[in-house]
Amino acid sequence: MAKSKNVFFCTECGYESSKWMGQCPACKTWDTFAEEPPLKKGEKSRSTGILTEPQLLSAVSATENNRVTTGLQEMDRVLGGGIVVGSLVLVGGDPGIGKSTLLLQICKELTDKQHRVLYISGEESLHQIKMRADRLGIFKGELLLLSETNLDNIEVIINKNKPEIVIIDSIQTMYKEEIGAAPGSVSQVRETTSVLMHMAKGLNISIFIVGHVTKEGVVAGPRVLEHMVDTVLYFEGENKASYRILRGVKNRFGSTNEIGVFEMMDQGLREVTNPSEYMLQGKPEDEPGSVVAASMEGTRPILVEVQALVCQTNFNMPRRTAAGTDYNRVNLLMAVLEKRIGLQMASMDAYVNVAGGMRINEPALDLGIVLAILSSYRNLALDSHTICFGEIGLTGEVRGVSMADQRVAEAEKMGFKVCILPKTNADSIKKTSMKLIGVKNIRELNRLFSQGSSL
Ligand code: TYD
Ligand code: MG
């Protein structure tokens, strides 16, 4: 029999090709192709053999309350109100960011409430898990632990123990023997996930899968299986900073706009229920170039500090950087400032930073960026009780944004006194004790600012 030829997979997105390629044509990443044995015939499509009859839409019941709350509010919010029974959730993130810690903490909360939970680790020994668990506090309930990487064994154990919730840490260590490729390869990751998917739906258990994000492309990244699972959450944060953000990227049972904020402490992760307070920690008072802007993450308003540093350039090409927000947007706003109010930005270096390490791509941050640049350019500080929000268009107009009431309410709650906002939003807000300054365009904003008035 002729030896079947190996195939190549992109470890980023799972694109399949018969030959090696330098750049993936699907996701455009470089040097991510890995060689793997091909799938044997019949392996890919699995049929359960049970024939199900079609049903009438009207006959299908839609009782949407079979959710289990985790006890971690930040987690529940991102999931859309708790764990949906029978769902498959992928938790992705860089190695060492705290995925295992987060999931073990969820196990603690769930077992405290007498849920049957099975934690399967392919990376750590039971002893290591125990040590981590001890750091998290006392487990009141009983948690089932298993150190195993063979999926066939795992299937048997799940069938025997009938847990309600299973954690797989991590998918890149799991393997099925029939597949020739090594654990962590695209075909293994895909196949094991599809088996877990069938288990989740068939046995009606909720399964959490941990997936490491890899830069080097040695093992398949979580993007390979994003389309297979019900919910994709990414756990992010700077390795040095202690806060972590859990972000929904895909959710078949809720919105993807929500984020959960945590802080990594000595005893595990702590929920940050008031992110505004956290993000504004250490904000300087009365310094030029520092502005507080109200942004929204999903349904939740978060106040962030936008900083800008504008100074004379020493090069032919001015240097520009943007941290925590979109680089191109910052350049665009500088062009608008140059054209509409004659700021000499072409001879200036400009560095813009959203302090606290948060990443915000909302247009409502525009006004904050512009004010921070103006403030640094003119070397005039804004009053430390002033906040702002609003989108800026190419003609310099300040456009209204959504959820203005929530933004103003959050600022009021945090003790701010003055809000600079789009005129249309200012007219629509009825009830607030804050002083609202509605602006129509950045010329008006510039005038207010150069008068050094109450901003
Ligand atoms: P971990 O959950 O092992 O990361 P992942 O599973 O995503 O690879 O988290 C590892 C880091 O978290 C490690 O650097 C130590 C730190 N950590 C704390 O700071 N406090 C704690 O209570 C725990 C359990 C971990
Ligand atoms: Mg881990």
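Counting convention: from 1, in listed order, for ligands and their atoms alike. Just so it is clear, the structure is predicted and the values come from calculations on it, not from any experiment. Hydrogens, waters and symmetry mates play no part in the numbers below; they use all other heavy atoms, side chains included.
- In terms of modelled atom types and a separation under 3.5 Å, the side chain of T325 and the main chain of N361 share no donor-acceptor contact.
- The shortest heavy-atom distance from M265 to ligand 1 is under 4.0 Å.
- Scanning all protein heavy atoms for the shortest distance to atom 4 (O) of ligand 1 gives G98 N, 3.1 Å.
- At least one donor-acceptor pair closer than 3.5 Å links the side chain of K113 to the backbone N or O of T69.
- Geometrically, ligand 1 and G96 share a nitrogen or oxygen pair separated by less than 3.5 Å.
- Atom CD of Q73 has 12 or fewer heavy atoms from other residues, nucleotides or ligands within 6.0 Å.
- In summary, an N, O or S atom of S100 is located under 2.8 Å from the Mg ion (ligand 2).
- With hydrogens and angles ignored, the 3.5 Å screen pairs no side-chain donor or acceptor of E74 with any backbone N or O of E271.
- Within a 6.0 Å radius of CZ in R399, no more than 12 heavy atoms belonging to other residues, nucleotides or ligands are found.
- The main-chain N or O of V89 is never found under 3.5 Å from a side-chain atom of D230 such that the two would form a donor-acceptor pair.
- Against a heavy-atom cut-off of under 4.0 Å, S100 is close to the following atoms of ligand 1: 2 (O), 5 (P), 6 (O).
- Looking only at heavy atoms of the protein, atom 12 (O) of ligand 1 is closest to M264 CE, 3.3 Å.
- Between R132 and E124 there is a salt bridge, since at least one side-chain N of the basic residue sits less than 4.0 Å from a carboxylate O of the acidic one.
- The shortest heavy-atom distance from G93 to ligand 1 is not under 4.0 Å.
- More than 12 heavy atoms of other residues, nucleotides or ligands lie within 6.0 Å of CE in M265, so this atom counts as buried by the packing criterion.
- Across E124, R132, Q128, heavy-atom proximity to atom 24 (C) of ligand 1 is greatest for R132.
- Counting the atoms of ligand 1 from 1 in the order shown, those under 4.0 Å from a heavy atom of P95 are 8 (O).
- With a 4.0 Å cut-off on non-hydrogen atoms, D266 touches ligand 1 through its backbone and not its side chain.
- Annotation: atom 2 (O) of ligand 1 to nearest protein heavy atom, T101 OG1, 2.6 Å.
- Annotation for ligand 1: atoms under 4.0 Å from non-hydrogen atoms of Q267 are 22 (O).
- R135 NH2, 3.3 Å is the protein heavy atom nearest to atom 21 (C) of ligand 1.
- Of the protein's heavy atoms, G268 N, 2.6 Å lies nearest to atom 22 (O) of ligand 1.
- Contact of the T173 side chain with the P183 side chain is not registered, since no non-hydrogen atoms from C-beta on lie closer than 4.5 Å.
- Contact annotation for atom 15 (C) of ligand 1: protein absent (non-hydrogen atoms, distance under 4.0 Å).
- Taking a cutoff of 4.0 Å between a charged side-chain nitrogen and a carboxylate oxygen, R190 and E36 do not qualify as a salt bridge.
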